[in-house]
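Read the structure below first, then the notes.
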Amino acid sequence: MCGIVGYIGQRDAYPVIIKGLKRLEYRGYDSAGITLFGGAAHVLKTKGKVTDLEKLASTHASAGATLGLGHTRWATHGVPSDVNAHPHTSNSGKISIVHNGIIENYASIKKILTENGFTFSSDTDTEVLVNLIEYIKLSQGVKIGEAVQISLSQVVGAYAIAVFDVERPNEIVVAKLGSPLAIGIGKDEYFIASDASPFIEYTNRTIYLEDNEMAVISRKKGFRMYSIVGGEALTPNIQEIQLSLEKIEKGGFEHFMLKEIHEQPNAILDTFRGRLFVEEQQINISGIEQHLDVFKNVDRITIVACGTSWHAGLVAEYLFEDAARIPVEVEYASEFRYRNPVINKGDVVIAISQSGETADTLAAVKLAKEKGAFVFGICNVVGSSIARETHSGAYTHAGPEIGVASTKAFTTQLTVITMMGLRLGQLRGTISKEAFDRVARHLVELPKQIGNLLKFANQIKAIAEEYKDAANFLYLGRGYNFPAALEGALKLKEISYIHAEGYPAAEMKHGPIALIDENMPVVVIATNKGHYEKIVSNIQEIKSRNAKIISIVTKGDESVKTLSDHVIEIPEVTEALVPILSSIPLQLLSYYIAIMRGCNVDQPRNLAKSVTVE
Ligand code: AGP
């Protein structure tokens, strides 16, 4: 998720764009750049934050330009670096682009362009796109607007782009598919941005482009909008938005955590986009494909992580052993690093970390490497310390996660893990085509199903109202639902400060059932997979001790419903994916209870987003 800003009008573009980029840094902050046109176009870009770009710009002339494009990056293809920062320019230097999104088929386009004499200085998909636009412009003799339209009809992926051609110095071309793009309409001036926060102080007249829409914004001819496919002229829908700056940064949500809960459909889609091809029964995770021999012959996998990422590791244990028949053990990184573990050459160690900076996990990675293991990382922050330290890896494409409580990071970690389980099973011949197909089809359905689950937020809020004053909670699950129970408990305790524990449901009779009374709400993840009859008897045990029972069941369940005080339904889905779906209502339950208790959900007491110290 990146932030793009553009301006064309009569103001000095530089301050408008720089201030706008600072407003968008919540969308990405590993590198930044700007292109200004007030005569000769020039591009300034740097690894680091917008303040680093300002330092760079202070040594260059930046005043006087009345047209410009800016970008603050959240790397997906290519690590954070000066050369990978946007804007990217075409080989001729005449066309500049800023882009938010992912071009899935950039590799095949890059190959064709290379065969036609184009060269590339960065590792990004965006540089491929800007050179495709130049190739179309030159080979078909069309203007920049048409070149963009034709190019986008050949692109697969998601984009919000702003494109500038020095040969058309009075216009900027924008286009949108899958990533947000807002246009601010001023008096003889136009603003372009990923959301309205960069221009709300200048104008509240806004056009939010819809998917498959593009526009040519011209100083002389105004704003002309077209459909990308078909090219017919469209009538813009100009709104007068009333959102505050703070609300805009949070996407209109009250808190970053709620925004990020609602971003999960897109985050999961972005994570499997370009990697999972259901009809072809193909999984393409480059970090695995480049080391097939390692994964084909591995005898044991050890997973090291902390917190929520450790819970994702537990799901991986169940899935990898089930689908790929590889022995897996999951370790707290803090324990692994100090207990002198037995790691043999040929072992694979997988480190899971949203931030890629967790001190214990980084130390565990280094120890595993010293002992001869092949270390694979699953991180969300491209170019983070853990990502750079591992031999290979796969990024989640969740975008920046600002809320301390991990939500979209967890479900995108599970998305990567599911794809890995399928690929490892396929590689080792331990998963049937039918099983592969079932899990893959259910995985691609998740964004829609999560979108539907989020519509029941008010039902969850009502349950939160009833239990917000509880002193303790228990979360129970069996099989894949055991890690989901642990994660649900962690979400509640870390943002509402209510003591909550997750347990394997069958463990209750080994002690914890002594805790049960009418003051103990118990959340049971009781979907009809695996050990359904067993979990029903577990529920009967706790019901007979007067617990209040909040059950998460498969839609249409009748048995558990009769035993529960509250029932939250999730759609029927293959067992391995229940932790993703069941985490949605549990995230919301924790969020609403914490809000009702007056807690700071985005920055809970005593917690940091990334634990970079021991
Ligand atoms: C989860 O909600 C917490 N924020 C915390 O447990 C987190 O998962 C843990 O600190 C690990 O962080 P990482 O994924 O960035 O390594």
Side-chain angles (χ1 to χ4, degrees), residues 1-4 27-28 71 73-79 84-88 90 95-114 118 120 122-136 147-163 173-181 194 209-215 227-230 263-280 282-287 289 380 382 394-400 408 412 415-416 419 440 443-444 446-448:
M1 184 161 81
C2 305
I4 66 176
R27 302 179 59 84
H71 187 272
R73 187 169 181 239
W74 180 267
T76 53
H77 292 79
V79 296
N84 285 337
H86 299 211
H88 286 284
S90 60
I95 304 174
S96 304
I97 191 171
V98 288
H99 168 220
N100 172 28
I102 297 174
I103 306 299
E104 292 173 33
N105 61 335
Y106 80 100
S108 55
I109 296 172
K110 186 170 185 174
K111 186 169 177 293
I112 294 166
L113 293 173
T114 304
F118 282 84
F120 299 89
S122 80
D123 308 322
T124 67
D125 53 344
T126 306
E127 189 185 13
V128 172
L129 179 55
V130 72
N131 279 301
L132 174 63
I133 294 167
E134 176 146 279
Y135 174 63
I136 297 289
V148 168
Q149 183 194 356
I150 297 168
S151 304
L152 293 179
S153 64
Q154 299 175 27
V155 150
V156 176
Y159 48 79
I161 57 171
V163 183
V173 181
V174 296
K176 183 244 194 272
L177 179 67
S179 301
L181 195 61
S194 300
L209 283 190
E210 299 294 340
D211 280 352
N212 185 39
E213 290 183 347
M214 66 177 287
S227 71
I228 297 168
V229 177
E263 281 177 342
Q264 290 179 108
N266 282 338
I268 288 170
L269 174 61
D270 285 345
T271 298
F272 66 66
R273 186 198 296 273
R275 289 167 156 172
L276 172 59
F277 304 93
V278 180
E279 299 314 323
E280 299 79 354
Q282 264 182 16
I283 303 271
N284 179 18
I285 296 179
S286 52
E289 297 311 304
N380 190 42
V382 176
Y395 286 117
T396 53
H397 290 161
K408 59 179 183 173
T412 52
T415 302
V416 169
M419 291 190 287
L443 182 57
V444 294
L446 286 184
K448 188 174 73 204

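Heavy atoms only: backbone and side chains are in, while hydrogens, waters and symmetry mates are out.
No donor-acceptor pair closer than 3.5 Å links the side chain of Lys408 to the backbone N or O of Ile268. Under the 3.5 Å distance criterion, the side-chain polar atoms of His71 are matched with a main-chain donor or acceptor of His99. A donor-acceptor contact shorter than 3.5 Å is absent between the side chain of Asn100 and the backbone of Trp74. Asn84 contributes a side-chain N or O that, together with a main-chain N or O of Asp123, makes up a donor-acceptor pair within less than 3.5 Å. A distance-only check finds a donor-acceptor pair linking the side chain of Asn212 to the backbone of Ile228 [under 3.5 Å]. In this structure, the side chain of Lys110 does not engage the main chain of Val128 through any donor-acceptor pair within 3.5 Å. Not one N or O on the side chain of Glu127 forms a donor-acceptor pair closer than 3.5 Å with the backbone of Thr124.
Here the CG-CZ distance, from Asn284 to Phe277, works out to 6.0 Å after rounding to the nearest 0.5 Å. Distance check, rounded to the nearest 0.5 Å: NE2 of His86 to CD1 of Ile4 gives 10.0 Å. Distance check: Glu104 CD to Asp270 CG gives 9.0 Å after rounding to the nearest 0.5 Å. Between the OG atom in Ser179 and the CD1 atom in Ile102 there is a gap of 8.0 Å [rounded to 0.5 Å]. Between atom CD1 of residue Ile161 and atom NZ of residue Lys176 there is a gap of 12.5 Å, rounded to the nearest 0.5 Å. Residue Ile133 holds its CD1 atom at 6.0 Å from CG of Leu152, rounded to the nearest 0.5 Å.
Residues passing the side chain to side chain donor-acceptor pair (under 3.5 Å) test with Ser90 are Ser92, Glu134, sequence neighbours excluded. Val444 meets the side-chain contact (heavy atoms from CB on, under 4.5 Å) test with Phe272, Leu276, Val278; sequence neighbours excluded. Looking at residues two or more places apart in sequence or on another chain, you find no side chain to side chain donor-acceptor pair (under 3.5 Å) involving Thr114.
Using a 4.5 Å heavy-atom threshold, the side chains of Arg275 and Val416 count as touching.
Nearest approach of Met419 to Leu443, heavy atoms of both residues: CG-CD2, 3.9 Å. Considering every non-hydrogen atom in both Pro180 and Ser194, the closest pair reads CB-O, 3.5 Å. The nearest pair of heavy atoms linking Ala175 to Leu181 is O-CD2, 3.7 Å. Considering all non-hydrogen atoms of both residues, Ser151 and Ile136 come closest at OG-CG1, 3.4 Å. For the residue pair Val173 and Met214, the shortest heavy atom distance occurs at CG1-CE, 3.7 Å. Here the shortest heavy-atom pairing between Arg73 and Cys2 reads CA-SG, 3.9 Å.
The side chain to side chain donor-acceptor pair (under 3.5 Å) test with Thr396 is passed by exactly one of Thr415, Asn380, Thr271: Asn380.
Within a 6.0 Å radius of OH in Tyr135, other residues, nucleotides and ligands contribute 12 heavy atoms or fewer.
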